[in-house]
Structure formats: structure tokens, C-alpha cells
There are 2 protein chains.
Amino acid sequence: MDLEFILLGMLHQPASGYDLKCDFDAGPRYFWSAELSQIYPALQKMQRRGWLRSHRQASPHGPERRVYVRTAKGSRSLHAWLRGEPVIGTQRLAYIGQLIFMGELADRARTRVFLKRLRDRLNAMAELLESAERGLRAREATTPAQPLGHQFHELLCLRMGIASLRAKIAVCDEGLRLIRRQGPRRPGQRGGGK
Amino acid sequence: MDLEFILLGMLHQPASGYDLKCDFDAGPRYFWSAELSQIYPALQKMQRRGWLRSHRQASPHGPERRVYVRTAKGSRSLHAWLRGEPVIGTQRLAYIGQLIFMGELADRARTRVFLKRLRDRLNAMAELLESAERGLRAREATTPAQPLGHQFHELLCLRMGIASLRAKIAVCDEGLRLIRRQGPRRPGQRGGGK
DNA sequence: CCACGCATGTAATAGGTTACATGATTTA
DNA sequence: TAAATCATGTAACCTATTACATGCGTGG
């Protein structure tokens with residue numbers, strides 16, 4: 001259900017299924033993702049329900065496109081969702097599970113490598129969002145935009161993603177510092193040194 | 001697949017499907033969740049694969065329990081997963097979608113209410129994790145534990161969750177401040193005043 | 001001509017939630 | 001005795017990923 005509302009939101013201007021997939025992959029949509037094989041049937045279903053209209057359109061680069069347009073009914077559905085309670089949704093952060101259970105290996109070198117790799121991954125995501133933020137700020141400088149309009153909301157979302165990632169990265173670094181402070185011991189070696 | 005490894009990790013000591021479900025609901029497992037109807041078949045499948053053994057055991061509180069124990073083969077599988085790359089997994093944060101598209105409503109009172117509610121929800125989760133952290137630190141004070149053992153890893157995970165939530169809450173507050181600074185205008189009213 | 005990007009779809013499978021069926025023990 | 005907690009499971013459904021099928025247009 002939520003996917004449909006998100007597609008509805010992304011259709012503030014007409015777009016094809018392919019366009020929407022590109023939007024999902026474009027980084028700022030870090031909070032959700034979907035495959036084409038999920039998007040196409042969803043759009044068809046939404047059209048049957050009267051939330052969208054569509055028409056075929058020639059493409060300059062390839063085969064004919066099917067462009068979807070949101071109807072008034074679709075807008076009403078979206079707005080009802082927006083006015084509702086915040087939908088928390090689900091997280092499946094397998095890396096947290098790996099980190100919790102990694103104590104079992106009792107191998108601080110492993111934990112160190114893991115934390116470094118995790119930090120790198122999180123950092124790469126953060127940099128993506130940060131470049132999107134810079135892009136948004138640049139657009140803001142040229143076009144004035146209304147005081148608390150779309151750009152304000154998009155900026156908040158980006159900052160939330162960035163802040164969350166940076167906070168996690170800081171905890172990785174904290175963990176790495178603690179390991180370093182304990183000195184380089186291999187598994188099997190028993191502790192005792194200050 | 002990841003669910004199975006997480007169950008394997010949770011089975012560092014023998015447990016029933018019901019026990020594991022309680023663990024998932026107990027907060028510290030904020031990063032993942034599963035229903036009983038998913039857990040029971042998963043355990044059966046893992047037993048068929050030789051990762052677990054199980055035996056029936058009378059319960060003092062109700063019907064007979066089926067208690068699962070991890071085998072050496074199960075431990076090897078888990079450890080291979082732990083030594084592998086960090087698994088990023090998926091997020092489906094519908095509330096970020098709501099916030100992005102909320103610009104369309106052009107109703108700052110709505111955005112304000114939404115941000116307040118979101119902050120409250122995130123705060124409730126953070127408090128849950130913080131109480132788990134206090135509990136862990138209390139246990140740490142009594143039992144010494146090895147330098148970088150299970151408690152170290154669990155603490156890192158808790159801190160990561162807490163830090164991420166607190167960072168998001170700070171962005172909510174930042175958004176609320178910006179809205180307040182713009183003064184209380186209703187939708188339809190056009191901006192302009194400094 | 002082949003690889004790549006553009007473009008739309010279906011089929012098979014895996015992962016996850018909600019609803020249902022059953023029954024024991026404890027507590028109000 | 002009714003409700004709550006403990007306990008295990010299946011069935012139906014929804015959501016999501018991977019694999020497959022098709023075909024246009026551009027550039028090497």
C-alpha cells in the first residue's frame with residue numbers, strides 16, 4: 001500500500017514506470033526502493049482504481065513510453081495519506097545483527113575490519129545524500145521558491161538521512177577507538193594487559 | 001536468508017520459537033522483526049538442513065515447548081556469515097516519503113503536527129533503547145565480562161540505534177524551529193513578511 | 001553487428017503479515 | 001468461567017526480488 005502512495009507522490013509531474021525507477025535509484029530516494037517488475041503492475045493497478053490516467057508517447061531514445069498522470073482522485077488519496085499518522089515502516093538492518101553476534105567470534109581483528117567496512121559503506125551513502133543536498137541548495141539559490149514549500153521538505157528529509165548516517169559512522173569510529181586502545185591482540189590470546 | 005542467520009545468532013543458548021519471538025519484541029532487537037508464523041517454519045527448515053536439533057520439553061506455564069539447539073554445523077554457518085561483508089539490508093521508511101511529499105499540501109500547520117508526532121514516535125523508540133543500554137551497563141558493573149566480548153558488541157549496536165534516532169529527532173526539532181520562525185500562517189495565506 | 005541504454009512487461013520464487021485453528025495453565 | 005499468557009502450528013494473502021522475454025535506437 002505504501003509503495004502506491006510513494007509512487008503517487010513521485011507523480012507530481014507525469015512520468016513513466018522507467019522514469020520512476022530512475023528516481024528510486026537517484027539517491028535522494030534512499031528511504032525506499034522498488035524494482036521495475038513491481039512498479040509496472042502497481043501503476044496498472046492504480047490506473048484501474050482511477051488514481052492515474054496514462055497515454056502512450058513516442059520516445060526519442062527508444063521504444064514507445066507509457067506516461068502516467070495523477071488524477072484528482074489520486075491526489076485526494078495521496079493527501080489523505082499525508083494528513084494521516086507518520087507511518088514508521090520496517091527496517092531490516094542485517095549488519096546490526098552481524099555486529100551483535102560478532103562477540104561470539106571473540107576476534108577483535110574481525111570486529112575491526114567489519115567496523116571499518118561498515119563505516120565506509122555508510123560514508124558512501126552519506127556522501128551521496130550530501131551531494132544531493134548541495135544540488136538542492138544550488139537550485140534554491142537560483143529559484144527563490146516559497147518559504148516552506150517542496151524544497152524545505154526535501155531538505156529536511158535529506159538532512160535526516162545524513163544526520164542518521166553520520167551518527168552511525170561516529171559510533172563505528174568510537175568502536176574502532178575502543179578496540180585500538182585495547183591494543184592489537186589476536187583471538188585465543190587472553191587479555192590481562194592494561 | 002538473513003532471518004535464518006539472525007535466529008542462529010539468537011540461539012547462542014537453547015530457545016523455543018516463542019522465546020525467540022519475545023526476544024524480537026524486547027526492543028534491543030529494533031533492527032529486525034519477525035512473526036511467529038515466519039519463525040516456526042524457519043526453525044523447521046534449519047533443522048532439516050542440520051543447523052539445529054530440537055527436543056520437546058514440558059513447560060511449567062502451558063503446553064509442551066519445542067526447544068531448539070544450535071549444532072556445530074549451524075555455528076559454522078553463522079560464523080561464515082559474521083566473517084562476510086556487512087549486509088546493508090533494506091529500509092522502508094514511509095514517513096520520509098510522507099515528509100517529502102507534504103510540501104504539496106502547502107500547509108505549515110500540518111507539517112508542524114507531523115514533525116511533532118514523528119519526533120514523539122522516534123523519541124519513544126530511543127527511550128526504549130536507552131533503557132536497554134542502562135540495563136546492559138548495570139549488568140556490566142556486576143559481571144566483569146571479557147574486554148571486547150558480547151557486551152561490547154551489544155552496546156555498540158544499542159548506541160548506533162540511539163545515535164541514529166537522536167540525530168533524526170534533532171532534525172525534527174530543527175524543522176519545527178524553522179516553521180515557528182516563519183510565524184503562524186495558514187494555508188492559502190501567502191508569505192512575504194520577514 | 002554487438003553492446004548499451006531505453007522501454008515495457010510476465011513468471012517464478014522468496015520473504016513477510018494477517019487470519020485461523022488448537023489447546024494447556026494461571027489469575028481474576 | 002472468562003480472560004490472559006503460554007505454546008505450536010497452517011493457510012491465505014500481500015510484498016518484493018530475480019529471472020526471463022521482447023524490441024527500439026545509438027555509437028563503436
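Keep in mind that what you see is a predicted model, and the values were worked out from it rather than measured. Proteins come first, then strands; the chains are lettered A, B, ... in the order of their sequence lines, and each starts at number 1.
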Rounded distance in Å - [atom1] ([X]) to [atom2] ([N]):
X: B/Glu35; N: D/dA12; atom1: CD; atom2: C1'; result: 15 Å
X: B/Leu20; N: D/dA7; atom1: CG; atom2: P; result: 12 Å
X: A/Leu36; N: D/dA16; atom1: CG; atom2: P; result: 15 Å
X: A/Lys21; N: D/dT17; atom1: NZ; atom2: C1'; result: 10 Å
X: A/Ile39; N: D/dT15; atom1: CD1; atom2: C1'; result: 14 Å

*Nucleotide range of DNA chain C contacted by chain B, 5' to 3', under 4.0 Å to a heavy atom?*
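Contact span on the strand: C/dG15 to C/dT26.
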*asked:* For residues A/Leu43 and A/Leu36: do they belong to one hydrophobic cluster (side chain heavy atoms under 4.5 Å, members Ile, Leu, Val, Met, Phe, Trp, Tyr)?
replied: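 Per the 4.5 Å side-chain linkage, A/Leu43 and A/Leu36 are not co-clustered.
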*Quick one: do A/Tyr40 and A/Met1 end up in the same hydrophobic cluster if we chain Ile, Leu, Val, Met, Phe, Trp and Tyr together by side-chain heavy atoms under 4.5 Å apart?*
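They do not share one cluster, since no chain of ILVMFWY contacts under 4.5 Å joins A/Tyr40 to A/Met1.
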*Will you find, in the side chains of B/Ser16 and B/Arg66, an N or O donor that is under 3.5 Å from an N or O acceptor?*
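No - no donor-acceptor pair under 3.5 Å links their side chains.
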*asked:* With nearest nucleotide decided by heavy atoms, which residue, A/His61 or A/Asp2, maps closer to the 5′ end of DNA chain D?
replied: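 Nearest-nucleotide comparison on DNA chain D picks A/Asp2.
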_Toward the 5' end of DNA chain D, by each residue's nearest nucleotide, A/Met1 or B/Gln44_ =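 Taking each residue's closest nucleotide, the earlier one in sequence belongs to B/Gln44.
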*Could you tell me whether a side-chain N or O of A/Ser59 sits under 3.5 Å from a main-chain N or O of A/Glu64, the two making a donor and an acceptor?*
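Not at all, since once roles are kept as given, no pair shorter than 3.5 Å links the two residues.
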*Return yes if some donor-acceptor pair links the side-chain N/O of A/Lys168 with the main-chain N/O of B/Ala163 below 3.5 Å, else return no.*
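Between the backbone of B/Ala163 and the side chain of A/Lys168 there is no qualifying donor-acceptor contact (under 3.5 Å).
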Check whether any side-chain N or O of [X] sits under 4.0 Å from OP1 or OP2 of [N], and answer yes or no.
X: B/Arg65; N: D/dT5; result: no
X: A/Gln38; N: D/dT15; result: no
X: B/Ser16; N: D/dT8; result: yes

Lys/Arg-Asp/Glu bridge criterion (N-O < 4.0 Å) met for [X], [Y]:
X: B/Asp173; Y: B/Arg177; result: no
X: B/Glu104; Y: A/Arg76; result: no
X: A/Glu130; Y: A/Arg134; result: no

_Can you confirm whether or not the ring centre of B/Trp51 sits under 6.0 Å from the ring centre of B/Phe5?_
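Close enough - the centres of the two rings lie under 6.0 Å apart.
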*Residues from residues 45-60 of chain B sitting under 4.0 Å of DNA chain C, heavy atoms only?*
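The stretch gives B/Pro60 as the residues lying under 4.0 Å from the strand, ordered by number.
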